[in-house]
Number of protein chains: 2
Amino acid sequence: MNSKKGIQRFPTPRHNHATCVNTAMHQAEDYCNRTGVRLTQLRRRVLELVWSSHRPVGAYDLLEQLEPKGRKAAPPTVYRSLDFLLEHKLIHRIDSLNAFIGCNQPGHEHDAQFFICKACGEAAELIDPKVERALVKDANQLGFNIEKQTVEIAGLCNRCHQGRKK
Amino acid sequence: MNSKKGIQRFPTPRHNHATCVNTAMHQAEDYCNRTGVRLTQLRRRVLELVWSSHRPVGAYDLLEQLEPKGRKAAPPTVYRSLDFLLEHKLIHRIDSLNAFIGCNQPGHEHDAQFFICKACGEAAELIDPKVERALVKDANQLGFNIEKQTVEIAGLCNRCHQGRKK
DNA sequence: AGAACAATGTAATATCATAACATTACTCAA
DNA sequence: TTGAGTAATGTTATGATATTACATTGTTCT
Ligand SMILES: [Zn+2]
Ligand SMILES: [Zn+2]
Ligand SMILES: [Zn+2]
Ligand SMILES: [Zn+2]
């Protein structure tokens, strides 16, 4: 799904998603090996579930998928894994949806901009320095010290938009 | 609190906040008169409560304040008023905080950028065309049609940041 | 006055998230 | 290798935010 840094295409239905998952899991493993944190079975499982699509997914959705046979997992199970993955920047939280999505520049410390289709749910992650620079400039004028940015753009992806024109 | 369009200062402790409230309430009244929608007692009350500070405030906080004597209001009471105020752009929702804040360009259709201090809770609303342009450009490259932008920057306001330096 | 509609009241429930404490798994020094 | 210390997970309960459904009241317009 990635092209060069800071430029992402919107996920297409035909892309080979197995590659996305594979890359993500390998990057996560590398990161955890490098930094000495533990990518346990549970955390790995949750990360895979988050990466099962390019749609932000809710914690309780993940929770359901964690219990294939009657066994029921409780919320802290998934929230703790999500917290770990967030802490290590392997996933992002989408505040406007109370949902989580895999990060495609893991390890690399960043805040990103998200474009999220209201119809199909797919999301694209971008890092646009122009957006960042504009926000930093505004912050400077306000005397404000930025810690975290939340930029989430809702709308229609190209495909869904085409599909709606009569 | 307003200076010229698109440029806001961060709210200072000494500004005359009564003026902010007054302006907001008059703008709301004007808007409702112009467009023929009803600013009922309840809606007015909720709007005043939202404007009681420059901090985003939660729905349940508002709810408590709505019931000064033992009378207890139920959630739909406040959520319906909030929905009305959102629909008519008299307030904004801050997704990253599940909270609401008065809009200082009401009537004027817009998405804004918010800078929110994690220490004191105060927030500044900006409309920076550079941010918008950068996002629109990104959207175009993605073939994405923007409907709504959520831009919420968390950090420290000048005063709180000063207060922390040793 | 009364029909039609808008707003509000009320009770129940859905959805998202965390606190507190018990248990299990892992690590590493002795 | 064992066991003490720590990290991770399990379990139960609860907190925080938000909506659904239906009853009642208020407003508008004839
Ligand atoms: Zn993919
Ligand atoms: Zn779409
Ligand atoms: Zn003020
Ligand atoms: Zn502050």
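Note that the coordinates shown come from a computational prediction; the quantities given were computed from them, not determined experimentally.
Within the structure, every side-chain polar atom (N or O) of A:T77 is placed at least 4.0 Å from both OP1 and OP2 of D:dT9. The phosphate of D:dA7 (OP1 or OP2) has no side-chain N or O of A:R80 nearer than 4.0 angstrom. Note on B:R43: a side-chain N or O is less than 4.0 Å away from OP1 or OP2 of C:dA7. Contact between the side-chain N/O atoms of B:T40 and the OP1/OP2 oxygens of C:dT8 is found at a separation under 4.0 Å.
One atom, OH of A:Y79, and another, C1' of D:dA16, lie 11 Å apart when rounded to the nearest Å. Between the CD atom of B:Q41 and the P atom of C:dG9 there is a distance of 12 Å, rounded to whole Å. For the pair B:L66 CG and C:dT8 P, the interatomic distance rounds to 11 Å; values are reported in whole Å. If you measure from atom CG of B:L62 to atom P of D:dA16, you get 15 Å, rounded to the nearest angstrom. Computed from coordinates, the B:L42 CG to C:dA7 P distance equals 11 Å when rounded to whole Å. Protein atom NE2 of A:H88 is 12 Å distant from nucleotide atom P of D:dA7, rounded to whole Å. Atom P of nucleotide D:dG10 and atom CZ of A:R45 are separated by 12 Å, given to the nearest angstrom. Here D:dG10 presents its P atom at 11 Å from CG of A:L63, a figure rounded to the nearest Å.
Checked by atom type, the side-chain pair A:N158/A:Q162 shows a donor-acceptor distance below 3.5 Å. Side-chain contact annotation: A:E132 with A:Q149, donor-acceptor N/O pair under 3.5 Å present.
You'll find that the side chain of B:R38 is closest to C:dA7, out of C:dA7, C:dT10, D:dT12. Taking every side-chain heavy atom of B:P75 into account, D:dT19 is the closest of C:dC16, D:dT19, D:dT11.
Between B:H17 and B:H15, the ring-plane angle classifies as perpendicular under the 30° and 60° cut-offs.
Under 4.0 Å is where a charged nitrogen must lie from a carboxylate oxygen, and between A:K148 and B:E152 no such pair does.
Remark on DNA chain D: of its neighbouring residues A:P76 and A:F84, the 5'-side contact belongs to A:F84, judged by nearest-heavy-atom nucleotide.
For A:F114, the ring pair (Phe, Tyr, Trp, His ring centres under 6.0 Å) criterion is met by A:H92, not counting sequence neighbours.
Stacking between B:Y60 and D:dT17 is shown: the ring centroid lies under 5.5 Å from the centre of the six-membered base ring, and the planes differ by under 30°.
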